[in-house]
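Reading through the structure tokens given below for one structure.
Indexing begins at 1, ligand by ligand and atom by atom, following the structure's order.
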Amino acid sequence: MITSTMMDVPLQVRRLLEHGATIHRGSRVVTATGTGTHETTFADIARGAARLAGALASLGVQPGDRVATFMWNNHRHVEAYFAVPSMGAVLHPLNIRLFPEQIAFIANHAADRVVIVDNSLLPGFAKLLPSLKSVRHVIVAGAADRGVLEGTGVGVHDYESLLAAQPVTYDWPDVDERAAAAMCYTSGTTGHPKGVVYSHRSIYLHALAEAMPDAFDLSARDLMLTVVPQFHVLAWGLPYAAFAAGTSLAMPDRFLTPEPLAAFVTAARPNKGAGVPTVWVGLLQHVEAHPDADISSLTELVVGGSAMSETLMRGLDARGITGLHAWGMTEMSPLGTFSRPSLDDAEEDVDGHRLAQGRFAAPVEARLLGPDGEVLGWDGESVGELEVRGPWITASYYRENDEEHFDDGWLRTGDVGTITSDGYLRLTDRARDVIKSGGEWISSVELEGHLAAHPAVAEAAVVGVPDEKWGERPLATVVIKEGEQADAAELREFLATKVAKWQLPERWAVVPEIPKTSVGKFDKKIIRAAYAQDDLNVTTLG
Ligand code: AMP
């Protein structure tokens with residue numbers, strides 16, 4: 001082998017920080033305050049990060065120690081995103097929406113040593129603290145009555161005073177690019193949540209790829225409304241990509257319901273955004289009902305975490321906003337695919353491609369496996385389970401011997417779908433959500449998409465329920481829009497114009513809302529359990 005002449009420079013989070021803080025020093029992090037906005041620059045973030053690293057070191061944080069956050073999306077959280085990995089420690093954003101027992105399990109499993117907590121989350125956190133076994137220090141961000149943490153035996157500190165005592169520079173260590181930089185736990189739909197540990201290298205490579213034009217297309221001219229929580233796959237890696245590209249960030253903090261979110265958009269005027277479909281559906285419904293709400297600054301919204309329905313895509317189109325579909329997982333940092341039209345697209349293919357999950361980012365390799373483990377072709381028709389591999393895809397779970405999710409160097413995604421010959425992934429379902437009726441598969445996602453297109457339907461979730469004759473049949477649960485009316489018979493008739501007769505659900509329930517997981521996806525486990533316990537008012541038709 002001839003050795004290359006290239007320098008061997010480690011890919012480190014610290015380099016993203018330094019790049020953003022110098023080249024893009026004026027780029028901003030705008031945080032919602034409820035009454036207005038708080039603005040800070042990337043240069044300020046870097047000074048804050050250096051101070052935070054000094055403060056953590058003064059509390060005894062060593063390389064490799066886990067520093068958790070219990071925070072909303074805001075400027076201090078961005079400081080922690082850079083300070084903790086850059087000093088050689090491991091950032092661990094905790095999902096504040098999980099049940100306390102789950103949060104305790106996760107924090108104990110990760111052995112978090114320090115937790116940085118937003119003041120607005122302190123009451124809930126105080127109840128949790130006694131069950132967090134490894135935590136030695138709690139740093140409270142924002143004015144708060146820290147007395148609620150007294151008597152717990154841990155050190156309690158105020159974020160600003162702790163940082164004020166530190167210099168605005170930090171002698172960042174030269175960490176190994178393969179060392180752990182951050183970790184997140186999967187939402188854990190079955191069994192315990194599982195930890196995924198990202199390296200400096202994986203975060204750096206992912207940040208560059210995410211900024212590319214056929215992905216998030218990030219530049220120093222953009223302001224990205226980052227609604228996806230910082231505890232959900234590191235806000236899809238956006239803060240790191242933003243520092244690479246100079247993209248300003250609009251952070252909604254705890255103001256996530258449609259009304260304050262719309263007000264934040266009006267005040268901050270972001271041109272792009274990223275979040276799960278539910279958030280955008282809520283925002284659109286709000287703007288429809290309140291024509292004075294001004295979201296005209298938005299031109300592109302990235303929809304990921306769950307499938308973007310055609311109704312959502314069209315609703316965004318009607319407002320001059322392009323809905324872009326992205327697919328990924330906690331295990332994948334998360335970027336897997338992104339859907340943007342290409343020059344080769346025939347006109348009639350454009351919308352179909354936009355509704356597909358998209359094409360794979362360059363370093364992500366994919367294959368589809370059939371029921372007998374055979375590798376299927378990319379013909380746009382063969383349906384199989386998707387497996388992936390690549391430099392920002394996890395090869396194992398943290399401190400867990402799990403073979404079931406890995407297959408000979410590939411990650412088994414648990415997602416089921418097709419891939420076209422030009423690489424468009426189209427998911428038809430989760431392996432566990434697909435409905436197996438008399439030996440045929442019914443896609444719950446497809447039925448949900450059609451139902452959501454009915455003018456009276458606000459949301460619809462379809463799950464498989466046991467059926468004596470067919471093994472499993474679909475149960476449709478729907479939320480009717482305020483002021484509208486539709487019954488099961490009408491909805492079934494409507495659906496009959498869209499799908500084959502044998503796919504039509506016999507069981508229907510109109511519900512006040514669809515239960516959601518901690519990261520805003522339909523919680524189908526809860527719907528199945530409600531059905532099993534006879535808690536749903538089910539109408540049977542057909
Ligand atoms: P999480 O690790 O919580 O981000 O969940 C990852 C899972 O969310 C994936 O395996 C998919 O099942 C689902 N998901 C993510 N993005 C999409 C998308 N664009 N369309 C459909 N499902 C998605």
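Annotation: Tyr240 is not in aromatic contact with Tyr204 [ring centroid separation under 6.0 Å not met]. Taking the centre of each ring, Phe406 and Tyr397 come in below the 6.0 Å mark.
Looking at Asp433 and Arg528, a side-chain N of the basic residue comes within less than 4.0 Å of a carboxylate O on the acidic one, giving a salt bridge.
No more than 12 heavy atoms of other residues, nucleotides or ligands sit less than 6.0 Å from atom CD of Glu347.
Selection from His232, Arg430, Lys521, Gln357 by nearest heavy atom to atom 20 (N) of ligand 1 gives Gln357.
No heavy atom of Met332 sits closer than 4.0 Å to any atom of ligand 1. Residue Pro334 places every heavy atom at 4.0 Å or more from ligand 1.
Atom numbering of ligand 1 starts at 1 in the shown order; those under 4.0 Å from a heavy atom of Thr330 are 1 (P), 2 (O), 3 (O), 4 (O). Atoms of ligand 1 found under 4.0 Å from any heavy atom of Trp327, numbered from 1 in the order shown, are 9 (C), 11 (C), 14 (N), 15 (C), 16 (N), 17 (C), 19 (N), 23 (C).
Proximity of Ala326 to ligand 1, defined as any heavy-atom pair under 4.0 Å, is confined to the backbone N, CA, C and O atoms. Only the side chain of Asp415 comes within 4.0 Å of ligand 1, judged by heavy-atom distances.
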*Decide yes or no on side-chain contact (heavy atoms from CB on, under 4.5 Å) for Glu446 and Val462, but give the supporting numbers first.*
CA-CA 9 Å; Glu446 190 189 344; Val462 177; over 6 Å; no
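Side-chain atoms of Thr247 and Asp222 form no donor-acceptor pair, as typed in the model, at a separation below 3.5 Å.
When only interatomic distances are considered, the shortest N/O to N/O separation between Gly305 and ligand 1 falls below 3.5 Å.
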